[in-house]
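Below, chain A is the first sequence line, B the second, and so on; all start at residue 1.
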Amino acid sequence: MATKMRYWLMKSEPEEFSIDTLARVGREPWSGVRNYQARNYMMKDMGVGDGVLFYHSNTAIPGIAGLAEVASAAYPDPTQFLKKSDYYDPASRPDEPRWWLVDVAFKRKLSRLIALDELRANADRLDDFLLLRRGSRLSVLPVTAAQWRTILSLEQA
DNA sequence: GCCAACGTTGGC
DNA sequence: GCCAACGTTGGC
């Protein structure tokens, strides 16, 4: 019996890794997450085929730029063991990795960016969307099926 | 276990 | 570049 499909939002700084980069490479290990809550979503709750809203953060107009999907089971983030990596974690041991990730595969770029401002303007239709919570900094967060549908309907507006 | 200091995120 | 919000670290 298939596990129920879930939906997520994953943030990336487009200067580091944008939806266009994902379109070009097709698939990418989501490395560098160093927050336990975000890690737990990837490690414990994600399943292959889950929907992903690809969000551009820390840029002139932050917002949802495209759609992707979870493309692998969780596995240890190799960058935590690479001394030269920005994501190196000297406290993590190979026999007990601290940081896990999933691969993410490109689905499509949205026909237009759905900006954070526009999401805020529709907050009443998005029922406590975690992205819009004050002070929210999570880089991986769950999206409900209803929120997913509402956001995609905004694309046509 | 408390909490001040520090580092990071990310909108603006 | 600023800084509010938040997470982590480490002394005690």
Side-chain angles (χ1 to χ4, degrees), chain A residues 6-25 28-46 50-70 74-144 147-148 150-155 157:
Chain A
R6 300 193 203 196
Y7 302 91
W8 308 93
L9 180 143
M10 300 173 83
K11 298 180 183 174
S12 182
E13 302 192 11
E15 287 192 12
E16 296 293 322
F17 192 90
S18 71
I19 189 70
D20 293 317
T21 317
L22 185 62
R24 197 170 65 242
V25 301
E28 181 75 7
W30 204 261
S31 58
V33 170
R34 296 293 181 267
N35 169 282
Y36 286 105
Q37 200 173 348
R39 178 208 68 177
N40 286 345
Y41 287 136
M42 291 197 287
M43 191 171 73
K44 300 175 179 175
D45 299 327
M46 283 189 180
D50 282 3
V52 174
L53 300 170
F54 193 109
Y55 181 89
H56 283 175
S57 67
N58 206 10
T59 187
I61 306 178
I64 297 164
L67 304 183
E69 70 177 13
V70 176
Y75 61 96
D77 181 343
T79 65
Q80 70 196 302
F81 304 121
L82 302 177
K83 285 192 174 150
K84 290 184 182 170
S85 170
D86 288 342
Y87 303 124
Y88 177 60
D89 182 351
S92 183
R93 298 155 44 94
D95 57 336
E96 197 175 344
R98 178 177 295 186
W99 305 112
W100 293 65
L101 52 67
V102 297
D103 287 354
V104 169
F106 179 75
K107 291 291 281 185
R108 70 178 175 88
K109 194 173 174 177
L110 294 191
S111 56
R112 65 184 187 84
L113 183 83
I114 300 177
L116 178 59
D117 282 349
E118 185 172 355
L119 295 169
R120 284 219 184 90
N122 289 277
D124 58 337
R125 300 170 57 200
L126 287 169
D127 190 33
D128 198 23
F129 191 22
L130 285 173
L131 181 75
L132 302 180
R133 280 219 192 136
R134 183 162 164 268
S136 168
R137 294 188 336 195
L138 263 185
S139 63
V140 176
L141 53 93
V143 175
T144 67
Q147 288 163 349
W148 175 275
T150 300
I151 288 163
L152 289 188
S153 74
L154 293 176
E155 186 189 11

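- Here A/K11 reaches the OP1 or OP2 of B/dG10: one of its side-chain N or O atoms lies under 4.0 Å away.
- The CG atom of A/D86 sits 13 Å away from the C1' atom of B/dT8 (whole-angstrom rounding).
- As a whole-Å value, the separation of A/L138 CG from B/dG11 P is 13 Å.
- Taking atom CG of A/D89 as the reference point, atom C1' of C/dT9 lies 13 Å away to the nearest angstrom.
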| said: Before you tell me yes or no, could you show the steps for A/L67 and A/W148 under side chain to side chain contact (heavy atoms under 4.5 Å, CB included), namely the whole-Å CA-CA distance, both residues' side-chain angles and the distance that decides it to 0.1 Å? | reply: CA-CA 11 Å; A/L67 304 183; A/W148 175 275; 4.1 Å; yes
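- Of the candidate nucleotides C/dA5, C/dG7, B/dG11, C/dA5 has the atom lying nearest to any side-chain atom of A/R134.
- Following rounding to the nearest Å, A/L141 (CG) and C/dG7 (P) show an atom-to-atom distance of 13 Å.
- Computed from coordinates, the A/R133 CZ to C/dA4 C1' distance equals 18 Å when rounded to whole Å.
- Ring to ring, A/W99 and A/Y36 are close: their centroids are under 6.0 angstrom apart.
- In this structure, CG of A/L130 is placed 15 Å from C1' of C/dC6, rounded to the nearest angstrom.
- For A/N35, taking side-chain heavy atoms from C-beta onward, the closest of the listed nucleotides B/dC12, B/dG10, C/dG7 is C/dG7.
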| task | Give the intermediate values and the outcome of side chain to side chain contact (heavy atoms under 4.5 Å, CB included) for residues A/L132 and A/L116. | result | CA-CA 8 Å; A/L132 302 180; A/L116 178 59; 3.8 Å; yes
| field | Test side-chain hydrogen bond (donor to acceptor under 3.5 Å, both in side chains) applied to A/S18 and A/T21, step by step | value | CA-CA 5 Å; A/S18 71; A/T21 317; 3.1 Å; yes
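- A close approach under 4.0 Å does not occur between any side-chain nitrogen or oxygen of A/Y36 and OP1 or OP2 of C/dC6.
- Rounded to an integer number of Å, the gap from A/R137 CZ to C/dA5 P is 11 Å.
- Test A/R98, A/R34, A/R39 against A/D77 for side-chain hydrogen bond (donor to acceptor under 3.5 Å, both in side chains) and you get one pass: A/R34.
- Put simply, CG on A/L113 is 11 Å from P on B/dG11, counting in whole angstrom units.
- Residue contacts for A/R34: at a heavy-atom cut-off of 4.0 Å it reaches no nucleic acid atom on any strand shown.
- Nucleic acid contact for A/R120: sugar-phosphate only, since backbone atoms but no base atoms lie under 4.0 Å from a heavy atom of the residue.
- Nearest-nucleotide positions on DNA chain C place A/N58 closer to the 5' end than the other of A/R98 and A/N58.
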